[in-house]
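Since this is a predicted model, take the numbers as computed values, not measurements.
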Amino acid sequence: MKLTFIGSTSDSGQCPSLYETPTGDFVVQGYELTDPEALGQLRDVLPGEKFVVVPRELLTRFGPRA
């Protein structure tokens, strides 16, 4: 699968970053959520799912407009 780099809020080109897939879905690169209290509040977690924390600015700056 080829990813298209959409943007990042990092000045050094690292995470967090946003990518788009050929099907129009998004891939988010960020730091893994490890806080036990926060993880305990997640709902309907399926096997293999991971959670990352990204700044609001990443999504408001580069997220879809429509």
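- A single hydrophobic cluster is not seen to contain both Leu18 and Val27; linkage of ILVMFWY side chains at heavy-atom distances under 4.5 Å, directly or through other members, places them apart.
- Two residues are said to be in side-chain contact when any heavy atoms from C-beta on lie closer than 4.5 Å; Thr21 and Phe26 fail this criterion.
- The cluster map of Ile, Leu, Val, Met, Phe, Trp and Tyr, joined by side-chain heavy atoms under 4.5 Å apart, puts Leu39 and Val45 in the same cluster.
- Counting only heavy atoms from C-beta outward, the side chains of Leu42 and Leu33 approach each other to under 4.5 Å.
- In this structure, the separation between CD on Glu20 and CD1 on Ile6 is 4.5 Å, given to the nearest 0.5 Å.
- With sequence neighbours left out, the ring pair (Phe, Tyr, Trp, His ring centres under 6.0 Å) criterion links Phe51 to no other residue.
- Shown here are the side chain to side chain donor-acceptor pair (under 3.5 Å) partners of Asp44, two or more places apart in sequence or in another chain: there are none.
- Among residues two or more places apart in sequence or in another chain, the side-chain contact (heavy atoms from CB on, under 4.5 Å) test is passed with Val54 by Pro16, Val28, Val52, Leu58, Leu59.
- Contacts classified as salt bridge (charged side-chain N to carboxylate O under 4.0 Å, His left out) and involving residues 45-59 (residues at least two apart or in different chains) are given here: Glu57-Arg61.
- Applying the side chain to side chain donor-acceptor pair (under 3.5 Å) test to Thr34 and every residue at least two apart in sequence or in another chain returns nothing.
- Glu37 meets the side chain to side chain donor-acceptor pair (under 3.5 Å) test with no other residue; sequence neighbours excluded.
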